[in-house]
Protein chains: 2
Amino acid sequence: MLPHTIKVACSNCNLRELCMPMQLDQQELERIDEVVATRKSIKRGASLFRSGEKFTSLYAIRTGFFKTTVATDDGREQVTGFQMAGEIIGLDGIVSDKHSCDAVALEDAEVCVMPFDRLEELSREVNALQHHVHKIMSREIVREHGVMLLLGSMRAEERVAAFLLNLVKRLHARGFSRSELVLRMTREEIGSYLGLKLETVSRTFSKFGDDGIVEVKQRHLRILDADALQRIVNPQVCH
Amino acid sequence: MLPHTIKVACSNCNLRELCMPMQLDQQELERIDEVVATRKSIKRGASLFRSGEKFTSLYAIRTGFFKTTVATDDGREQVTGFQMAGEIIGLDGIVSDKHSCDAVALEDAEVCVMPFDRLEELSREVNALQHHVHKIMSREIVREHGVMLLLGSMRAEERVAAFLLNLVKRLHARGFSRSELVLRMTREEIGSYLGLKLETVSRTFSKFGDDGIVEVKQRHLRILDADALQRIVNPQVCH
DNA sequence: CGGTATATTGACTTCATTCAATGCCAGTGG
DNA sequence: CCACTGGCATTGAATGAAGTCAATATACCG
């Protein structure tokens, strides 16, 4: 059983619309292919990079699901995000040439490795790529603003509702159901991301279940009333 | 009294080490000068840009002090950061060509306006500038990771202590005292940034005062025991 | 000098945490 | 195939940290 030599090529990758949604001519597209040097598989539970390791590349997720975490000296850990197919991780490493967070696969995953010096080189020549890299970084900054808003000003139920809506929205953009999802992470990881304890996350799920807003069975989750979730996130102003 | 035409030039700006700390030859430096088109003054309380406005430029702060805020539909506001001389704001606008936060001057301020299309153009030609722009964005991402850690996993006293240490560190890097500072923002703004109510911020300051760690008189603050603050942020592990 | 912003402090409440017991499920080996 | 194990999830009861409401106090600005 000879393995095919998998052609690593953005030009015929079905995730391109998520990962590199730019107007490029054929020639430019082929040049982009040069940047994506290799792919890499990461087993569930293994890390793609760890805090302190030398930064060399950005990674585009092809399949699988990651969490990124930062930690304090005294061992507390904070989940800073959950990433899925088409999303880019590793941006934290650019500033100091070292990664400052861990990226751990929550299920078996495959990523495209994009050596950053090659990416910089090519984006000097392909304007659309240059701007795209800037947009990816800006998007991450804006995403984090949203998380700060969540952590700084929302109550537990609002946080959990916002989390679920965000997750299902991103899954739906990837062709999954808009109402059904499987949580790839534990209650503790959700809690860490949302600034809550795992018991609070569990209780909130149960409460949403009692209210008929969602159906929760361990990690299987069905959203029955997305509008209700939305109203929990954005309490209506009367008028 | 004829005003001097102020030469807008990074090449002889005393903030260069903060804002553009790169190895550049004289010729490159002069090209950078071209990017910084103009300066702009912002009165205390006025905004440099607002959420929804068209994005055109990044801004390097020359003097003064800013806060950036995001808001929910239902009017809740979250301070996402406080910025001072040498720091760059506006990165949030790149992704969608619109700003997604407000930048408000907390004291009379002056900024250098850097049209972003010019910046992209020039960074295709000056490698060091390209990499510097990437580092600035990455630094902002890492900073926000730190805020997420703070908001998600620290208690009120830890947050306030971390906030004070961070602020005084940045001020000291700009030549100010390592122990004395004037808070440019209200208790409410500090609270919003830290995910606390203004009363909690006030009480925590008072507690630190009672414990002899700081001396607080309204917005004037003197740090008496920085080590104690550090221990509050990072509770010592015994060994 | 007066009025408004901001800050401090106290008393009480509330929401989330903590601690603890129990339940559920997937994977492993007898 | 079933029993066992260990990790994960749920739920309850008690606690506690921060929030809320309210009453001053202080300072800043026109």
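Below, read A as the first sequence line, B as the second, and so on, with proteins coming before strands; counting in each chain starts at 1.
- C:dA5: no Watson-Crick or G-U partner with both key distances under 3.5 Å is found in any strand.
- Atom NZ in B:Lys197 sits roughly 22 Å away from atom P in C:dC12 (whole-Å rounding).
- Nucleotide D:dT26: unpaired (no Watson-Crick or G-U wobble partner with both distances less than 3.5 Å).
- Note on A:Ser206: a side-chain N or O is less than 4.0 Å away from OP1 or OP2 of D:dT11.
- A straight line from CZ of B:Phe208 to C1' of C:dT8 spans 16 Å, rounded to a whole angstrom.
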When you look at A:Ser192 and A:Glu77, which way does the side-chain hydrogen bond (donor to acceptor under 3.5 Å, both in side chains) test go after all the steps?
CA-CA 7 Å; A:Ser192 170; A:Glu77 195 176 89; 5.7 Å; no
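- Using a 4.0 Å heavy-atom criterion, one finds that B:Arg155 contacts the sugar-phosphate atoms exclusively.
- Residues satisfying the salt bridge (Lys or Arg N to Asp or Glu O under 4.0 Å) criterion with B:Asp97, sequence neighbours excluded, are absent altogether.
- Per the geometry, CZ belonging to B:Arg187 stands 12 Å off P belonging to D:dA27, to the nearest Å.
- Within the nucleic acid shown, B:Arg219 comes within 4.0 Å of sugar-phosphate atoms alone, with no base atom in reach, counting heavy atoms only.
- Ion pairing between A:Arg50 and A:Glu53 fails under the 4.0 Å rule for side-chain N and carboxylate O.
- Note on B:Gly195: only backbone sugar-phosphate atoms sit closer than 4.0 angstrom, heavy atoms only; bases stay farther off.
- As judged by a 4.0 angstrom heavy-atom cut-off over every strand, A:Ser202 is placed among the base-contacting residues.
- Comparing A:Val201 and B:Leu196 by the nucleotide of DNA chain D that holds the closest heavy atom to each, the one mapping nearer the 5' end is A:Val201.
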Given A:Ile88 and A:Tyr59, is the side chain to side chain contact (heavy atoms under 4.5 Å, CB included) satisfied, shown in steps?
CA-CA 6 Å; A:Ile88 309 290; A:Tyr59 304 93; over 6 Å; no
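- Between the CG atom of B:Leu106 and the P atom of C:dA5 there is a distance of 17 Å, given to the nearest Å.
- Classification of the A:Phe55-A:His99 ring pair by plane angle, with boundaries at 30° and 60°, yields perpendicular.
- Between the CG atom of B:Leu183 and the P atom of C:dA5 there is a distance of 21 Å, rounded to whole Å.
- Residue B:Arg44 is in sugar-phosphate contact alone, with no base atom involved, counting any heavy-atom pair closer than 4.0 Å across all strands shown.
- Between the P atom of D:dA18 and the NZ atom of B:Lys207 lies a distance of 11 Å, rounded to the nearest Å.
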